[in-house]
Amino acid sequence: MTASDGPGAPKAARRGGSAPPLGLGQQLLRRKPLGQMVQEAGSGTGDRKLVRSFGVLQLTMISVGATLGTGIFVILGDSVPMAGPAIFISFLIAGVAALLSAISYAEMAGMVPVSGSSYSYTYATLGEGMAWICGWCLVLEYAVSVAAVAVGAGQYINESVAGLGWGLPDFISQPPGSGGAMNLPAMAIVLLSMVLLMRGARESAWVNTAIVLVKIVILLFFCAVAFTAFNAGNFEPLMPMGAAGVSAAASRVFFSYIGFDAASTAGEEARNPQRDLPRAIMLSMVIVTTVYVLVAVAAIGAREWTWFDGTEAALVQILLEVTNQPWIAVVFAVGAVLAITSVVLAVLYGQTRILVSMSRDGLVPKVFGRISAKRGTPVAGTLIVGVAVALTAGLVPLGALADATSIGTLFAFALVNIAVIYLRRNRPDLKRSYRVAFYPVTPILGALMCVYLMVNLGGLTWLVFVLWMMVGMAAYFAYGRRNSRVAALSQLDYETLSAAPVEPALPAREGR
């Protein structure tokens, strides 16, 4: 018996199907045919389809909703002490790195409009092994970032009730290790977002759009107030921690940009994905980067950089000190909670759609890909993910979550840049609704920027990443390797699908 006949071989092969068993190396390198991806687009693990109801506005708001606010509302106080007044430069560096990857995402999303985001792009170009690693990174990126943002929202809830003269005891508002037993406000935000997503994608998208508009308004309101106390002397010295501090802060605040790829997870629920996905991704990056830099400059102008050390909910504190009006701080804190909730909602949405794709490929259990006939959404998968993320938000401190999210995100983004190069070289015939400018310089720079930011993350973060990858490989060999649908294809079927022209299927169902 060969190695490929053993317990690690795909089930279809061991049951005596037409597909001969693949060796481990062959399976890890087998790419998913683009024709197969397009044929399967919109379906779950059964016959039910996702509902196509999103236009460019909803897609842009999903991307902005998943991105805008995370770094400004949540980790500004942790990042300013690292970079000093040059924190706005850190945001620009992280923004450039994200933009370079966003350009590659735009090309891939317009060409392969499926819900798996960088996981699907990697599967089509680098094979099943790298696709699994990328998907496992996305699980880390999305689920952990939701938990991290929810923790930050919990901090703003505390500020809101404190402004009213109340107070939540640390026992129910702080995680273990930070003076409490469980962060119940953070858990509540995740669970409420989960319930909304289970009701339907179209409904949750409109709620998200409304909240995003509120978010932009309150951030502009903060800038207007903060600029009344602007002091140019707060920017001297510009880089007290040196260039290394600016780079380290850029690696941390990159966490603030991860949401733009959430729009690419909606490829199977967009009415015109080839046209609208690239537009939504690029437009969202312009909006987010502009607002981040503006708010960072306003915050530093209002307070010296040393003031931020150890400060939670920094923007609320600045408003309170500048205006000396508690009600203004309370209103802003309430708005911030709503704004951060949109991040939780949009990113949790993206997580469930990636798991739909992975389930459809047989790499994770079928339950994650089951589409509800009534709701047109993966209700069971959303419930499982929501409960798991809520527990993480309630029990793990913010700092560890933010850094772990960044490293998984950077790795996934680097793979998307490589995927663009691969398909340009090997499938130049594919129809592209958007093409990366200055190819191949742009995707190469995008990949290098991601690697640069990964290197600047701490040793503990790398240790967590390596351990996460080890757990992921164990999960692959225990389940994915045995159940992969691509590996179970006969050589004839695989070659036929690989050679088939890629023509996106017409939407089977429009909005309800």
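FYI, side chains are in, hydrogens and waters are out, and symmetry mates aren't considered; it's all heavy atoms of this structure.
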Taking Leu28's backbone N and O only, do any of them form a donor-acceptor pair with Trp132's side chain (distance below 3.5 Å, no angle check)? no

With the side chain counted from C-beta on, respond yes when Leu423 and Met108 share a heavy-atom pair under 4.5 Å apart, and no when they do not. yes

Using the side chain to side chain contact (heavy atoms under 4.5 Å, CB included) criterion, which residues pair with Ile89? Sequence neighbours excluded. Ala86, Ile93, Leu238, Val246

Quick check against the 3.5 Å criterion: does Arg370 have a side-chain atom that pairs as donor or acceptor with the backbone of Gly381? no

Set of residues satisfying side chain to side chain contact (heavy atoms under 4.5 Å, CB included) with respect to Leu126, sequence neighbours excluded: Thr122, Met130, Leu415, Ile418

Side chain proximity check, Val253 to Ile87, heavy atoms < 4.5 angstrom: yes

According to side chain to side chain donor-acceptor pair (under 3.5 Å), who are the partners of Tyr452, at least two apart in sequence or on a separate chain? Ser247

With a 4.5 Å cut-off on side-chain heavy atoms, are Asp361 and Ser484 touching? no

Counting only N and O atoms by type, is there a donor-acceptor contact under 3.5 Å from the side chain of Gln27 to the main-chain atoms of Glu128? no

If you define the side chain from C-beta out and look only at heavy atoms, does anything of Leu191 sit under 4.5 Å from Val195? no

Sequence neighbours excluded, which residues qualify as side chain to side chain contact (heavy atoms under 4.5 Å, CB included) partners of Ile444? Ile421, Pro440, Leu448

Those residues that, when tested against Phe413, pass ring-ring contact (aromatic ring centres under 6.0 Å, His included) (two or more places apart): Tyr105, Phe254, Phe260

Does any non-hydrogen side-chain atom of Lys32 lie less than 4.5 Å from one of Ser120? no

Which residues satisfy the side chain to side chain contact (heavy atoms under 4.5 Å, CB included) test with Met82, sequence neighbours excluded? Ala248, Ala249, Arg252

Sub-3.5 Å donor-acceptor pair from the side chain of Ser63 to the main-chain atoms of Leu59, do we have one? no

